[in-house]
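Presented below is the structure to which this report refers.
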Amino acid sequence: MCGIVGIVGKSNVNQALYDALTVLQHRGQDAAGIVTSHDGRLFLRKDNGLVRDVFHQRHMQRLVGHMGIGHVRYPTAGSSTSAEAQPFYVNSPYGITLAHNGNLTNVEQLAKEIYESDLRHVNTNSDSEVLLNVFAHELAQRGKLQPTEEDVFAAVTDVHNRCVGGYSVVAMITGYGIVGFRDPHGIRPIVFGQRHTDEGVEYMIASESVSLDVLGFTLIRDLAPGEAVYITEDGQLFTRQCATNPSLTPCIFEHVYLARPDSIIDGISVYKARLRMGEKLADKILRERPDHDIDVVIPIPDTSRTSALELANHLGVKFREGFVKNRYIGRTFIMPGQAARKKSVRQKLNAIELEFRGKNVMLVDDSIVRGTTCKQIIQMAREAGAKNVYFCSAAPAVRYPNVYGIDMPSAHELIAHNRTTQEVADLIGADWLIYQDLPDLIEAVGGGKIKIEHFDCAVFDGKYVTGDVDEAYLNRIESARNDASKAKTQAVSAIIDLYNN
């Protein structure tokens, strides 16, 4: 769940890249990076931290050039050191930089191939660096002094043939142009658009359409699964389908939580999808408890607000803002380490007592992953005087890890794994817990004007669309993702960074 952006402009693009990354900050708070190209030279700045903290005036002044790419990162496995901040760079061929959103499920095999067959060195544990080296190797195989769009698309085709998983990518070929591409299943989102200036047409590629909107670009469309777009340094745009059997199965969790509500993904408004989630939840509540005693519906800000509002409207119940959010605390879902998540909840939210005192309260959240956050929020509601606390999830029970670029923890850290709804309700302290049904979620997201029949719903149903995920693979990622492993890795990394600095 990283954020990527690439711009080919008619003047310096450093400020536009910065602004785009701030719009995509919700997709990653661990690290940020920008690289630009000018007169055949690259200018790079990347480090751990938020966009506003990584880039100061002195850094921005050095990022010259009318072509560049950017990235905001959060760790999906392993460490969160600055060494894994993106974009990554290889000097051969041409000098290529790359930023990636997603996760490769065959990364171990690829890393071995890169070393033994491609004769390339990978310096980090990041699958993004592996993907970069695969793309660079395949482009080098064309053997051209000056690559054409045909060479670029042929290299992307070979990437699809070798790489398995969910990925959207922007890569800059120094002195030639920027390429963006999407995995053959279209799991991770990527869009492109244009804007007209006095100097000519500028192009932008990004994870979400909202970043185009904010910068005044007009959305052209999403990249199709397996498709690539190549924009030359002088502003020529080419697109090509580069996969043999593409099939659109986008990640449904983008609509549940990851994306901003003002984004449009694969032609679907995230905002309208979340409205429909609220409608479906209201229908389920009325089926199960037609004589419910809910006095007020209160969202857990911010992602669930849209669904909660529509839920309240359909139930004919008051909607109230019962929690005030501290805007200066990051998203707890993507904070590394359970201790940080626990500490941040009380810092992030504060209850307005008058909305809880003596009432039967229905709290609405987008999903329940570990259960840590909602358990504390339910306790806050009780302390504020709620008579009964009901809890509603706009998503079904999260029972399985994600392997395509979202830091869902190991199965045993998921509160709903091998537990019934009542068992989860008891653990989080809710008087009543209601989950969205998966068919209803699919209908809510894919039931608008743009019809999508199949989604990646692996976190809910355990069906991994790439077909290569087995128990052995899940066991391997569990060892990499559990919080104890992360804490140990980050402690060692901190010592190394301290020594190096």
Side-chain angles (χ1 to χ4, degrees), residues 1-2 76-78 100-114 117 126-128 130-131 133-135 138 155-169 181-190 222-228 241-256 258 265-266 395-412 414 416-418 438-439 441-442 445-446 451-481:
M1 178 187 136
C2 299
T76 53
H100 161 230
N101 173 32
N103 187 59
L104 303 181
T105 53
N106 66 334
V107 66
E108 292 182 2
Q109 172 194 335
L110 288 171
K112 184 177 180 182
E113 290 176 2
I114 288 169
S117 302
S126 173
D127 59 345
S128 303
V130 170
L131 199 157
N133 276 276
V134 172
F135 176 67
E138 299 303 336
V156 173
T157 297
D158 291 336
V159 168
H160 290 329
N161 291 335
R162 294 180 65 181
C163 297
V164 183
Y167 51 90
S168 58
V169 175
F181 56 93
R182 192 180 190 186
D183 72 81
H185 294 280
I187 297 172
R188 301 263 68 86
I190 184 170
D222 299 77
L223 281 180
E227 187 182 20
Q241 176 54 256
C242 298
T244 305
N245 295 302
S247 175
L248 181 61
T249 50
C251 174
I252 203 166
F253 210 74
E254 290 280 353
H255 293 273
V256 171
L258 303 182
I265 299 177
D266 294 309
V398 176
R399 303 186 188 277
Y400 305 93
N402 183 277
V403 300
Y404 302 127
I406 308 173
D407 192 23
M408 291 289 184
S410 64
H412 295 95
L414 297 168
H417 182 69
N418 287 335
L438 183 55
L441 177 63
I442 294 171
V445 177
K451 303 293 183 182
I452 297 180
E453 296 182 0
H454 303 288
F455 290 91
D456 165 42
C457 302
V459 297
F460 307 123
D461 61 14
K463 298 176 183 178
Y464 297 95
V465 299
T466 53
D468 63 329
V469 177
D470 55 17
E471 194 66 30
Y473 179 86
L474 293 176
N475 288 337
R476 287 199 303 274
I477 67 168
E478 179 170 353
S479 65
R481 289 185 177 185

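Since we're looking at a predicted model, the values are computed, not measured. Computation of the quantities below employed the complete heavy-atom set of this structure, encompassing side-chain atoms and omitting hydrogens, waters and symmetry-equivalent molecules.
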Over all atoms of both residues, closest heavy-atom pair of [X] and [Y]:
X	Y	value
Asn101	Pro189	ND2-CD, 4.2 Å
Gly102	Asp127	O-OD2, 4.0 Å
Asp158	Glu138	OD2-OE1, 3.2 Å
Phe460	Tyr400	O-CE1, 3.6 Å
Leu223	Ala228	CD2-C, 4.2 Å
Pro401	Ala411	CG-N, 3.8 Å

Exercise. Should we count NZ of Lys451 as having more than 12 external heavy atoms under 6.0 Å?
Worked result: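 Yes, because the 6.0 Å sphere around NZ of Lys451 holds more than 12 heavy atoms from other groups.
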Kindly compute the distance separating [atom1] ([X]) from [atom2] ([Y]), expressed to the nearest 0.5 Å.
X	Y	atom1	atom2	answer
Asn418	His412	CG	NE2	7.0 Å
Ile265	Glu254	CD1	CD	4.5 Å
His160	Gln241	NE2	CD	7.0 Å
Cys457	Ile252	SG	CD1	4.0 Å
Tyr167	Ile190	OH	CD1	11.5 Å
Phe455	Leu248	CZ	CG	7.5 Å

Quick check against the 3.5 Å criterion: does [X] have a side-chain atom that pairs as donor or acceptor with the backbone of [Y]?
X	Y	answer
Thr249	His185	yes
Thr105	Val164	yes
Asn402	Gly405	yes
Arg182	Glu227	no
Arg188	Tyr404	yes

For this session: Evaluate the side-chain contact (heavy atoms from CB on, under 4.5 Å) criterion for residues Val403 and Leu474: first the C-alpha distance (whole Å), next the side-chain angles of each, then the deciding distance (0.1 Å), finally the verdict.
Result: CA-CA 8 Å; Val403 300; Leu474 293 176; 4.0 Å; yes
For this session: Look at the rings of Phe135 and Phe181 and say which category their plane angle falls in: under 30° parallel, 30 to 60° tilted, over 60° perpendicular.
Result: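 Rings of Phe135 and Phe181: tilted, as their planes differ by 30° to 60°.
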Problem set entry | Reference residue Pro250; test side-chain contact (heavy atoms from CB on, under 4.5 Å); the match among Asp222, Asp456, Asp266, Val445 |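 That would be Asp266.
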